[in-house]
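Beneath this line is the structure, given in structure tokens, with notes to follow.
In the text below, chain A, chain B and the rest are named by the order of the sequence lines, each starting its count at 1.
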Amino acid sequence: MVTIEGLDRDFTCDKGDLILRAALRAGLGFPYECATGSCGTCKYELLVGHVEDTWPEAPGIRLRDREHGRYLACQSKATGPIVIRVRLDERLRPPIPPRRSVATISGRIYQAPGYSELKLQISDEGAEFLPGQFILIEFPGLTGARAYSMSNQPNTDGVLQLHVKAKQEGIMSNLLVSESPIGTKLIVDGPYGHAFARLEDSRPVVCIAGGSGLGPMLSVAGALALTPLASQRSVDFFYGVRTPAEVCDLSDLRKQAEAFGRWGLHVAVSDKPDNSWNGLVGMIDQIVQVHLPMPWSNSLFYIAGPPPMVDAVVRVLLTCQVSHEQLIFDRFY
Amino acid sequence: MTFLRVCSFDDLWEGEMKVFTVDGIEVLLVHLKGGHVTATQVVCPHQNVELVEGTLEGDILTCRMHLWQFNARTCTGHNPTHTQIASYPTQIQGDEIFVDVNGDVPKFATP
Ligand SMILES: Cc1cc2nc3c(=O)[nH]c(=O)nc-3n(C[C@H](O)[C@H](O)[C@H](O)COP(=O)(O)OP(=O)(O)OC[C@H]3O[C@@H](n4cnc5c(N)ncnc54)[C@H](O)[C@@H]3O)c2cc1C
Ligand code: FES
């Protein structure tokens, strides 16, 4: 049983569930971002009782936090009744409470060296999520969960599609991209994440994806194309990778984009390519600055990718007078 | 008003920011150009992330998480503008910095 100081509602952690996940399952607006121990957003102060720290070396928590009795909710479990202090936020209440289920790797399409599009089949339910959200994956025998964003649309068939990039020496990403055979069973838990598509918002949309950030941007753009507003909408899609070989298949996106009133696709590589590449060259933040039609003051920006890429893009947008209210983004720690 | 000694300028150089615990309350001290010291809240008004982990460029303090920006001299929002951060009264006596930690409360962004 977990009690939040000043709140008249307790929640329970079933079968050693992590505190963050249990709070979200209970529908509470518990702050979080990565759900995997890296960002530090889910910190709370333990006032009464004991918790088990599932990843003491997590990058999201520092020595000074420890000294003040602070823990990461995404990396700790209650070992009995506890009382904690944390500031909940109504805006962060999960639109769909996350659930845990078994899934099977049912398909894999190699996209580029080190990139695969993966299909997971959930056993007992539909694939309920908002475009732009992610799930947490656990492999039997492997410590800790990893976050992966859906690249497809929510569906009743229970199919989750992910765009995964193999990280050098990364354990789970390599299992997913190539090593695990079709038929492998794993645990999926979700949906999570606040960077989901605001489909009823009619402003021009700009999607900016870096590397593996392509997945959620495909999902967001695909969802926008399905709305009744699509024919009146303007969408610019920026996609940056290092080399031409890394550019993944965009043919579905191109087809969906025919629904938009105005459409711009801007694919860029950052390493100096050979002569066979006739697209854009440069870091994606610079490409956005040069190629995004003005004005920017009335657009909604979705951004996904590795932290340095997201930071660079957000900084460029902020210096160009874009306000925070126009930004929706996730960093792939 | 009770001003309590927090530290001296030897502990907080120009352009530096640090968190101190004063009378059980945590405050962030920011030493700006021209010897101005701001005492403010530890956590960003937006979410649960400490401002001290962000960056200070001139008077502009940028939170590392969502890059919300604040003017650390005026304790107002720079982008977004509709926010503010706490401004605890400070006193400088010689080399020593004093703060009244009951002189304000942390601000949080409203929905
Ligand atoms: C919101 C979000 C969305 C993401 N979406 C995608 C996506 O769509 N596609 C994609 O390719 N990547 C995505 N990522 C990155 C992905 O989650 C992984 O970080 C990446 O694949 C590397 O994992 P790995 O196992 O290969 O690397 P490793 O280096 O083996 O593992 C790194 C990660 O594993 C976790 N971890 C490691 N040890 C422990 C432990 N002892 N206890 C608990 N946790 C531990 C931590 O989260 C750490 O960051 C996303 C990340 C985030 C935060
Ligand atoms: S949400 Fe727990 S560290 Fe990021």
Side-chain angles (χ1 to χ4, degrees), chain A residues 20 29-34 38-45 59-65 67-74 84-93 194-195 297 301 303 307-308 310-331 333, chain B residues 6-7 11-12 16-29 40-72 76-86 101 105-111:
Chain A
L20 173 67
F30 206 106
Y32 76 100
E33 203 71 40
C34 70
S38 293
C39 74
T41 312
C42 66
K43 258 178 245 168
Y44 66 87
E45 199 176 323
I61 192 115
R62 283 146 227 252
L63 187 62
R64 211 171 54 78
D65 292 314
E67 292 166 0
H68 284 83
R70 289 193 279 255
Y71 296 84
L72 295 176
C74 72
I84 65 174
R85 177 180 292 156
V86 66
R87 194 168 57 89
L88 300 181
D89 188 336
E90 280 296 299
R91 292 164 297 180
L92 300 179
R93 286 178 55 168
H194 315 298
S297 54
F301 294 84
I303 309 154
V310 172
D311 284 4
V313 169
V314 171
R315 279 178 192 279
V316 159
L317 297 177
L318 292 179
T319 52
C320 296
Q321 310 305 319
V322 169
S323 80
H324 269 283
E325 179 273 325
Q326 296 171 261
L327 302 176
I328 297 174
F329 59 92
D330 251 344
R331 291 191 189 84
Y333 287 96
Chain B
V6 181
C7 65
D11 309 313
L12 189 74
E16 271 191 333
M17 43 184 179
K18 274 186 195 161
V19 173
F20 296 89
T21 306
V22 187
D23 203 14
I25 297 176
E26 287 191 296
V27 288
L28 172 66
L29 257 52
T40 187
Q41 67 197 68
V42 171
V43 171
C44 181
H46 179 214
Q47 275 184 20
N48 203 14
V49 172
E50 293 195 12
L51 292 168
V52 71
E53 296 170 4
T55 52
L56 185 66
E57 286 161 273
D59 287 355
I60 302 301
L61 203 177
T62 306
C63 178
R64 70 166 170 88
M65 197 62 208
H66 296 99
L67 310 182
W68 277 33
Q69 297 179 317
F70 306 90
N71 183 319
T76 53
H78 182 69
N79 187 352
T81 49
H82 65 77
T83 61
Q84 44 176 330
I85 48 177
V101 288
V105 287
K107 317 286 186 223
F108 295 108
T110 42

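Across all their heavy atoms, A/Ala195 and A/Ile328 have their closest contact at CA-CG2, 3.4 Å. Contact detail for A/Cys42 and A/Phe30: the closest heavy-atom pair is O-CE2, 3.6 Å. Nearest heavy-atom pair, B/Ala86 versus B/Thr40, reported as atom, atom and distance to 0.1 Å: O-OG1, 2.5 Å. Residues B/Leu28 and B/Val42 come closest through the heavy atom pair N-CG2, 4.0 Å.
Note: B/Trp68 and B/His82 have perpendicular aromatic rings, judged against thresholds of 30 and 60 degrees for the angle between ring planes.
Contacts of B/His66 with chain A are made by both backbone and side-chain atoms, with heavy-atom separations under 4.5 Å. Neither the backbone nor the side chain of B/Val43 comes within contact range of chain A, judged by heavy atoms closer than 4.5 Å. When heavy atoms are compared at a cutoff of 4.5 Å, B/Thr81 does not approach chain A at all. With a 4.5 angstrom heavy-atom cutoff, A/Asp65 touches chain B only via side-chain atoms. Only the backbone of A/Val322 has a heavy atom closer than 4.5 Å to any heavy atom of chain B. Of the two parts of A/Leu92, only the side chain, counted from C-beta on, holds a non-hydrogen atom closer than 4.5 Å to a non-hydrogen atom of chain B.
Under the 3.5 Å distance criterion, the side-chain polar atoms of B/Asn79 are matched with a main-chain donor or acceptor of A/His324.
Among the candidates A/Gly40, A/Ser323, A/Pro307, A/Cys39, the residue making the largest number of heavy-atom pairs closer than 4.5 Å to chain B is A/Cys39. Listed options B/Met65, B/Glu53, B/Gln47, B/Arg64 were ranked by heavy-atom pairs under 4.5 angstrom with chain A; first place goes to B/Met65. Chosen from A/Gln321, A/Arg315, A/Glu325, the residue pairing most often with chain B at heavy-atom distances under 4.5 Å is A/Arg315.
Salt-bridge formation is not detected for the pair A/Arg62/A/Glu67: no Lys NZ or Arg NE/NH1/NH2 atom is positioned less than 4.0 Å from an Asp or Glu carboxylate oxygen.
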